[in-house]
Amino acid sequence: MMILILIMALGAIASVSSQVHCRDPSNCPYYPVHSCFATELGLVCGSRSDVGYEMSNNIVETFSYTQPTTINDTGLPCTTIPLSDELYSYVDYRGPTVIEEDDLHLIGNCSRMSYCDKKKKTCQPKRPVGSRCHHNMQCYFGTEGFPGYCKNHSVCSIREGLPAYYYRSSHQWTLGKQWQSATVAVLATGTLAFCLLYGRQQATHVATRLRWFYEKVYTGTTAGEQARDSGSIPVFQEESGWQRYHGRWWKQVPGLKWVYQRFKRESLNEEVYVPLTHQERVEEPPPYRG
């Protein structure tokens, strides 16, 4: 029995002595297969497939849980990152604009857009730029959800000194101060354009009615009636005129007159056959040679 206990103790000591401590993921000998994790024993190298609080090699981020949930985890219970002396040294190394000791109590096994509330011990949504805050881990910026900075422990903002890429991704559209005036201008322009188009249509209709009324009162007939009268069948004095008019009835059909003129033009361009006349031959044909 004592031998078994001794063997187990030696195995535990060997496992502890084989652990590689780190201050950055690149310090691990099997990086990038391994990474740096925060444990009760400190910052220790481990496989990236393990579950735990992994240190990020991104200059914006700090630690993240390796099994984040993609669902809305607001209100779900959470646990915080294990504390150690090496973790406190990491906090001092990164500086207060990135992470403070009070922020360690907010880093939990929540989703990327949530933090672990140290009083309720539940996941709560992070706050965008311009919101009220007390700790850095309560804020985020950008469409990627990068950890924000709680300026003066009061307002969420973006850290200074970051590469331009992070500032471009953190751009947030706002309405601006003159959005009310712009809305009024757009509505006024649209109303004016509608009135002009509608008014033009109505003015054309009114002008047509006035013209019809004038022609009806002063001339007795309208332009439409005159057109119908001019297009009526003419009066024929003789039978031959009636035959000539009705003999080409197909010219009244739309399109057939053009076809007729087309074929007539082509027939005029064809070679005209001239029959031989009964003229006397001046010379006799040569004799046949058999």
Problem set entry | Test side chain to side chain donor-acceptor pair (under 3.5 Å) applied to Ser131 - qualifying residues, sequence neighbours left out | none
Does the side chain of [X] reach to within under 4.5 Å of the side chain of [Y], using non-hydrogen atoms?
X: Cys45; Y: Asn27; value: no
X: Ile99; Y: Leu104; value: yes
X: Leu106; Y: Gln138; value: yes
X: Tyr140; Y: Arg127; value: no

Look at the SG atom of [X] and the SG atom of [Y], then say if they are under 2.5 Å from each other.
X: Cys116; Y: Cys110; result: no
X: Cys36; Y: Cys22; result: yes
X: Cys139; Y: Cys133; result: no

For this session: Report yes or no: do Val51 and Phe63 belong to one cluster of Ile/Leu/Val/Met/Phe/Trp/Tyr joined by side chain heavy-atom distances under 4.5 Å?
Result: yes
Between [X] and [Y], what is the shortest heavy-atom contact and its length?
X: Leu43; Y: Met55; result: CD1-CE, 3.7 Å
X: Tyr115; Y: Met137; result: CB-O, 3.5 Å
X: Ser84; Y: Gly42; result: OG-CA, 3.4 Å
X: Ile59; Y: Arg159; result: O-NH2, 3.2 Å

Exercise. For Lys118, does the NZ atom have more than 12 heavy-atom neighbours from other residues, nucleotides or ligands under 6.0 Å away?
Worked result: yes
Exercise. At what distance, to the nearest 0.5 angstrom, does SG of Cys78 lie from CD of Gln124?
Worked result: 8.5 Å
Problem set entry | Straight-line distance of Thr39 OG1 to Leu87 CG, nearest 0.5 Å | 9.5 Å
Problem set entry | Distance flag, aromatic centroids of Tyr53 and Phe37, threshold under 6.0 Å | no
[Y] and [X] side chains, donor-acceptor separation under 3.5 Å:
X: Glu54; Y: Ser56; result: no
X: His21; Y: Glu86; result: yes
X: Asp73; Y: Ser114; result: yes

Exercise. Do His105 and Leu83 pass the side-chain contact (heavy atoms from CB on, under 4.5 Å) test, and can you show the C-alpha distance, the side-chain angles, and the key distance before you say yes or no?
Worked result: CA-CA 9 Å; His105 302 286; Leu83 303 178; 4.1 Å; yes
Problem set entry | Aromatic Tyr90 / basic Arg23 pairing, under 6.0 angstrom, 45° off normal | no
Exercise. Would a distance-only check, ignoring hydrogens and angles, find a side-chain to backbone donor-acceptor pair under 3.5 Å from Thr80 to Ile107?
Worked result: no
Exercise. Using the ring of each side chain (for Trp, its six-membered ring), is Phe146 parallel, tilted or perpendicular to Phe141, with breaks at 30° and 60°?
Worked result: tilted
Exercise. Going through the distances and angles, do Cys150 and Cys156 end up as a disulfide (SG to SG under 2.5 Å)?
Worked result: CA-CA 5 Å; Cys150 187; Cys156 290; 5.5 Å; no
For this session: Go through the steps for Asn152 and Ser154 under the test side chain to side chain donor-acceptor pair (under 3.5 Å), then give the verdict.
Result: CA-CA 5 Å; Asn152 298 326; Ser154 59; 5.0 Å; no
Exercise. For Asp103, which of Ile81, Val98, Val91, Asn136 qualifies under side chain to side chain contact (heavy atoms under 4.5 Å, CB included)?
Worked result: Asn136
For this session: Could you check Gln67 against Asn109 for side-chain contact (heavy atoms from CB on, under 4.5 Å), going step by step and ending with a plain yes or no?
Result: CA-CA 8 Å; Gln67 273 193 343; Asn109 56 341; over 6 Å; no
For this session: Given salt bridge (charged side-chain N to carboxylate O under 4.0 Å, His left out), test Glu61 with Arg94 step by step and report yes or no.
Result: CA-CA 10 Å; Glu61 302 181 13; Arg94 295 301 302 270; over 6 Å; no
Exercise. Should Tyr31 and Asn57 be marked as a side-chain contact (heavy atoms from CB on, under 4.5 Å) after you check the CA-CA gap, both sets of side-chain angles, and the distance that decides it?
Worked result: CA-CA 11 Å; Tyr31 178 81; Asn57 56 0; 2.9 Å; yes
